[in-house]
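All values below were derived from every heavy atom in this structure, side-chain atoms included, with hydrogens, water molecules and symmetry-related copies excluded.
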There are 2 protein chains.
Amino acid sequence: MAGNMSKQAPVGDCVDDGLEEVVFDVFARGCPSRPTMEHVTGRWGGLVLVALADGDMRFNALRRRVDGISEKMLAQALHALERDGLVVREVRQAIPPKVEYRLTEFGGGVVERLSGLIEFIEGNMAGVLDAQERYDTAKAAEADGV
Amino acid sequence: MAGNMSKQAPVGDCVDDGLEEVVFDVFARGCPSRPTMEHVTGRWGGLVLVALADGDMRFNALRRRVDGISEKMLAQALHALERDGLVVREVRQAIPPKVEYRLTEFGGGVVERLSGLIEFIEGNMAGVLDAQERYDTAKAAEADGV
DNA sequence: CAGCATCCAAGTTGATACTG
DNA sequence: CAGTATCAACTTGGATGCTG
């Protein structure tokens, strides 16, 4: 494709042309780390990734594992993840077709950190539920007492 | 609001009535950990949270820090985060008004893990950019050669 | 099985304007 | 300053039907 001169992607506010040190910063609006971050943490990407930590999986197995995801969203998530180099798609020619998805090393690193986060949140959900209740009660009282 | 009987929120597939052990599971469709997870990892929530790790911050300071966020989205993110008990909103009566946002202990724990993830991703972005390039090239070739 | 294409409803977002 | 209200534009997601 045209306009593909080595690595100097046009990247907003967080990277330069390769002569100086490159710094990526999710806080910067145009930084390519933002989309990647979104693929990883978005509604489905993270769940797909973590599901793959249990071992390689096929399309429909993933679909079952990630409760509530639609075909379309799963395909979309897998594409994004594959493009970012987090997941590898492996086709086994056969009938019926067999396609497996596997984490790359980078993907594995992401999953480690991500599942740490998930476990931490799951482990604190009781407190979250309490906080929500308090918040809602306070809001209701406020709406009343005004 | 009506229908608020103690803690047995109607929570899909991952929690019961308090007599047995409660297990939260982000993979389950109706689990309340999912929304919370989304607030933390969503487009803005995570950035707001991590921004607050630098110290307490006021509304407009946050707005400047999180490049590209709109007023509306910031307010929305802060509400969700506050409701989940990740952030505290502190009002200082004065003119002009002064409102500060601060991480709770739980919020701090989340941020630790989240920023680990962010740093890992930022640190691997060079590889991601390469992967994307390879992916796009392969796709282009495929679209051609077919 | 794996997955793309299309359509459409519903939700999300951002700009703008306004309030306390 | 710290928000809320409103509206139009855009995006998302899911259901359905079809292909290899």
### Value in whole Å for how far the C1' atom of D/dG20 lies from CD1 of A/Ile95
9 Å
### Task
Have a look at B/Arg89 and say if it touches a base, only the backbone sugar-phosphate, or nothing, with a 4.0 Å heavy-atom cut-off.
sugar-phosphate
### Query
Do any of residues 34-49 of chain A sit with a heavy atom less than 4.0 Å from DNA chain C, and if so which?
none
### Query
Can you check the B/Glu82 CD to D/dA2 P distance for me, whole Å?
15 Å
### Task
Could you work out which one of C/dT13, D/dA2, D/dT4 sits closest to the side chain of B/Val99?
D/dA2
### Task
Identify which nucleotide among D/dG14, C/dG14, C/dC1 has an atom closest to any side-chain atom of B/Lys72, counting heavy atoms from C-beta outward.
C/dG14
### Task
Report the distance from atom CG of B/Leu74 to atom P of D/dG3, rounded to the nearest whole Å.
8 Å
#### Entry: Exercise: identify the closest heavy-atom pair between A/Gly116 and B/Arg113
O-CD, 3.9 Å
### Query
Considering only side-chain heavy atoms of B/His79, which listed nucleotide, D/dC1, D/dT4, D/dG14, is closest?
D/dT4
### Task
With heavy atoms under 4.0 Å as the rule, sort A/Arg63 into base, sugar-phosphate or nothing.
nothing
### Task
Look at the side-chain N and O atoms of B/Arg58 and state whether any lies under 4.0 Å from the OP1 or OP2 oxygen of D/dA2.
yes
Which donor-acceptor pairs under 3.5 Å do the side chains of residues 45-60 of chain B make with protein atoms, sequence neighbours left out?
residue	atom	partner	partner atom	Å
B/Asp54	OD2	B/Arg65	NH1	2.8
B/Arg58	NH2	B/Pro97	O	3.2

### Task
Mind listing the closest non-hydrogen atom pair of B/Ile69 and B/Arg63 along with its distance?
O-NH1, 2.9 Å
### Query
Among C/dG14, D/dC1, D/dG20, which is the nearest nucleotide to the side chain of A/Pro97?
D/dG20
### Query
In whole angstrom, what separates B/Met73's CE from D/dT6's P?
16 Å
### Query
Which whole-number value in Å describes the distance from B/Asp56 CG to D/dA2 P?
13 Å
### Query
If you check the B/Tyr101 side chain, which of D/dG14, D/dG3, C/dA15 turns out closest?
D/dG3
#### Entry: Spacing of A/Ile69 atom CD1 relative to C/dA2 atom C1', expressed in whole Å
14 Å
### Task
Could you state the atom-to-atom distance from CZ of A/Phe59 to P of C/dG3 in whole Å?
6 Å
### Task
Give a yes or no on whether B/Val128 and B/Tyr135 share a hydrophobic cluster (residues Ile, Leu, Val, Met, Phe, Trp, Tyr; joining criterion: side-chain heavy atoms under 4.5 Å apart).
no
### Query
Taking 4.0 angstrom as the limit, do A/Arg102 and A/Glu100 come out as a salt bridge?
no
### Task
Please answer whether the main-chain N or O of B/Ile118 pairs with a side-chain N or O of B/Ser115 as donor and acceptor at a distance below 3.5 Å.
no
### Query
Can you tell which of D/dG13, D/dG3, D/dT16 lies closest to the side chain of A/Glu71?
D/dT16
### Message
Nearest heavy atom decides the nucleotide; on that basis, is B/Arg64 or A/Gly68 closer to the 5' end of DNA chain D?
### Response
B/Arg64
### Query
Rounded to whole angstrom units, what separation is found between the CD atom of A/Gln76 and the P atom of D/dT12?
7 Å
### Task
Measure from the side-chain N and O atoms of A/Asp67 to the backbone N and O of B/Arg29, and report whether any donor-acceptor pair falls under 3.5 Å.
yes
### Query
With distance as the sole test, does B/Asp25 use its side chain to make a donor-acceptor pair with the main-chain N or O of B/Phe27 at under 3.5 Å?
yes
